[in-house]
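Each remark here refers to the structure printed beneath this line.
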Protein chains: 2
Amino acid sequence: MTAGGERVLVVDDDPPLQRMLARTLTAEGFSVAVAADGGAALAEAERSLPDVIVLDVAMPGMDGLAVCRRLRAKGMTTPVLMLTARDAVPDRVRGLQAGADDYLVKPFATEELIARIRALTRRGAPATERLQFADLSLDLSTRTATRGGRSIELSGRESALLELLLRDPRSVLTRERALEQVWDDAAVPNVVDRYVGRLRRKLGDPPLIHTVRGVGFMLRS
Amino acid sequence: MTAGGERVLVVDDDPPLQRMLARTLTAEGFSVAVAADGGAALAEAERSLPDVIVLDVAMPGMDGLAVCRRLRAKGMTTPVLMLTARDAVPDRVRGLQAGADDYLVKPFATEELIARIRALTRRGAPATERLQFADLSLDLSTRTATRGGRSIELSGRESALLELLLRDPRSVLTRERALEQVWDDAAVPNVVDRYVGRLRRKLGDPPLIHTVRGVGFMLRS
DNA sequence: AGGCGGTGTCAAGCTTCTTTCAGGCTTCGT
DNA sequence: ACGAAGCCTGAAAGAAGCTTGACACCGCCT
């Protein structure tokens with residue numbers, strides 16, 4: 001919305017489509033970066049922290065679903081718009097479950113693509129780098145938490161979980177939601193407890209992460 | 001699913017579809033309210049602050065687009081999922097421009113509806129459900145009561161029982177009703193007394209829970 | 001190869017919650 | 001004032017759920 005326009009990362013392995021998207025989006029005032037495969041996409045997403053990612057499902061190597069899961073696992077919540085050639089419902093569902101925020105079937109009208117990107121940037125948290133609560137803060141780009149001046153290195157999962165807690169302090173994070181957001185659906189629920197434990201130890205006293213028995217965990221002073 | 005499921009407002013003028021949606025969503029753990037036209041939808045949305053609104057585009061009187069615009073004009077940012085029978089792109093674009101967050105074309109797979117609702121509820125600020133009476137309030141999602149600024153952690157049963165009292169203050173809650181609502185039918189009636197006792201102790205003075213001898217208990221200042 | 005950090009699994013130990021019982025206490029009717 | 005009925009609460013057993021140490025596995029770097 002500001003002078004430079006929102007930054008969009010386009011991930012697609014098809015050069016003509018890349019060019020088309022880049023041109024269209026630029027013309028609409030977005031500033032566009034392009035990545036041609038999953039690995040490049042992850043690297044670029046972490047480096048430049050775009051406002052939206054437009055992600056093709058079908059790619060050689062790591063496909064769009066995997067890229068999206070990896071992003072979420074790293075704790076990135078950047079809105080993802082998934083592009084696919086297939087229209088079968090199970091695929092659409094899988095896309096959303098992988099953590100995508102929206103879904104568009106090829107071929108699409110460019111107007112619609114733009115409207116959807118706008119909808120995502122409008123509602124998405126503006127790619128905040130830093131989350132805070134009480135004397136705790138978390139820098140997502142470096143995965144470093146700070147508590148009372150002391151800085152604490154976190155692993156990917158630890159940071160993703162803490163982020164989830166920080167995005168909604170004083171409200172309960174259920175195991176289900178944590179599993180869904182931070183892990184791929186196949187993990188055993190206990191893994192959440194395990195990581196909560198690690199975070200508690202790392203974050204020190206007084207405790208900030210509270211258990212709500214039978215429900216989940218919560219951040220509160 | 002989760003203990004305090006997300007609240008969904010379904011707006012549709014077609015009773016069979018209403019029923020279908022209500023049943024499906026309830027089964028998935030959402031708590032569902034239904035409105036049959038635009039006016040009712042706006043009123044209900046303001047009253048109950050749902051977590052997501054599922055909105056049919058085609059309705060007599062005020063249509064879905066208008067409802068959505070009115071919501072946004074009032075400053076409500078509740079995520080809106082628009083339902084439509086038409087698949088033409090211009091309509092989809094108009095929906096998103098009216099401020100909808102997502103769009104689904106009828107007929108749709110219920111799985112997909114659910115996946116999309118989940119994707120939307122993941123972001124929105126969780127309008128927490130809060131019950132109040134006198135200087136006492138209760139947040140169901142965190143099971144925390146507040147009395148005169150002092151916050152009090154409650155266990156599952158304690159919170160459920162207090163909820164029941166708070167939903168109907170100044171009217172008598174019989175043991176039978178409490179057993180029926182909070183316990184499975186097999187418990188001995190004395191459990192209720194036991195829990196009333198605990199609540200009284202936790203909530204402190206002056207007492208709010210009064211005994212109505214031979215009948216049950218009541219909330220009153 | 002070997003070491004290392006990060007991750008996922010399991011099971012035992014521990015804490016907290018729930019329920020029951022029984023005896024003391026209060027209230028009500030006579 | 002007395003007895004009966006009903007209410008309240010301490011103690012303790014049992015259940016449910018959380019926490020944590022130990023360990024296996026993986027990918028990565030040396």
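Residue numbers begin at 1 in each chain, while the letters A, B, ... track the order of the sequences.
Each end of the helix from dA1(C)-dT30(D) to dT30(C)-dA1(D) gets its own rotation axis from five pairs of C1' atoms, and the angle between them is 20° to the nearest 10 degrees.
L173(B) places none of its side-chain heavy atoms less than 4.5 Å from the side chain of M218(B). Side chains of L104(A) and R116(A) form a contact here, defined as non-hydrogen atoms less than 4.5 Å apart. Put simply, the side chain of R167(B) does not reach to within 4.5 Å of the side chain of F133(B), judged on heavy atoms. Side-chain atoms of L113(A) and L21(A), non-hydrogen and from C-beta on, do get closer than 4.5 Å to each other. Counting heavy atoms from C-beta on, the side chains of L83(A) and V57(A) never come closer than 4.5 Å.
Take Q18(A) and apply the side chain to side chain donor-acceptor pair (under 3.5 Å) test, not counting sequence neighbours, and it matches no residue. Residues forming a side chain to side chain contact (heavy atoms under 4.5 Å, CB included) with E153(B) (at least two apart in sequence, or on another chain): R220(A), T144(B). Partners of D13(A) by salt bridge (charged side-chain N to carboxylate O under 4.0 Å, His left out), not counting sequence neighbours: none found. Looking at residues two or more places apart in sequence or on another chain, you find a side chain to side chain donor-acceptor pair (under 3.5 Å) between R175(B) and D193(B). Not counting sequence neighbours, D12(B) has no partner by the salt bridge (charged side-chain N to carboxylate O under 4.0 Å, His left out) test. With sequence neighbours excluded, the residues that form a side chain to side chain contact (heavy atoms under 4.5 Å, CB included) with D168(B) are S171(B). By the side chain to side chain contact (heavy atoms under 4.5 Å, CB included) test, T24(A) pairs with M20(A), T110(A), I114(A), sequence neighbours left out. For V188(A), the side chain to side chain contact (heavy atoms under 4.5 Å, CB included) test picks out N190(A), with sequence neighbours left out.
For D193(A) and dT7(C), the CG to C1' distance is 15 Å, given to the nearest whole Å. Spacing between atom NE2 of H210(A) and atom P of dT15(C) amounts to 19 Å, rounded to whole angstrom units. Rounded to whole Å, the distance from CD1 on I152(A) to P on dG5(C) is 18 Å.
Across residues 166-178 of chain B, not one residue has a non-hydrogen atom less than 4.0 Å from an atom of DNA chain C.
Counting 5' to 3', DNA chain D first comes under 4.0 angstrom of a heavy atom of chain B and last does so at the ends given by dA5(D) to dA11(D).
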Margin query: One character per nucleotide, please: for nucleotides 18-30 of chain C, 5' to 3', B when the base has a protein heavy atom closer than 4.0 Å, S when only the sugar-phosphate does, - otherwise.
Written below: BBBBB---BBS--
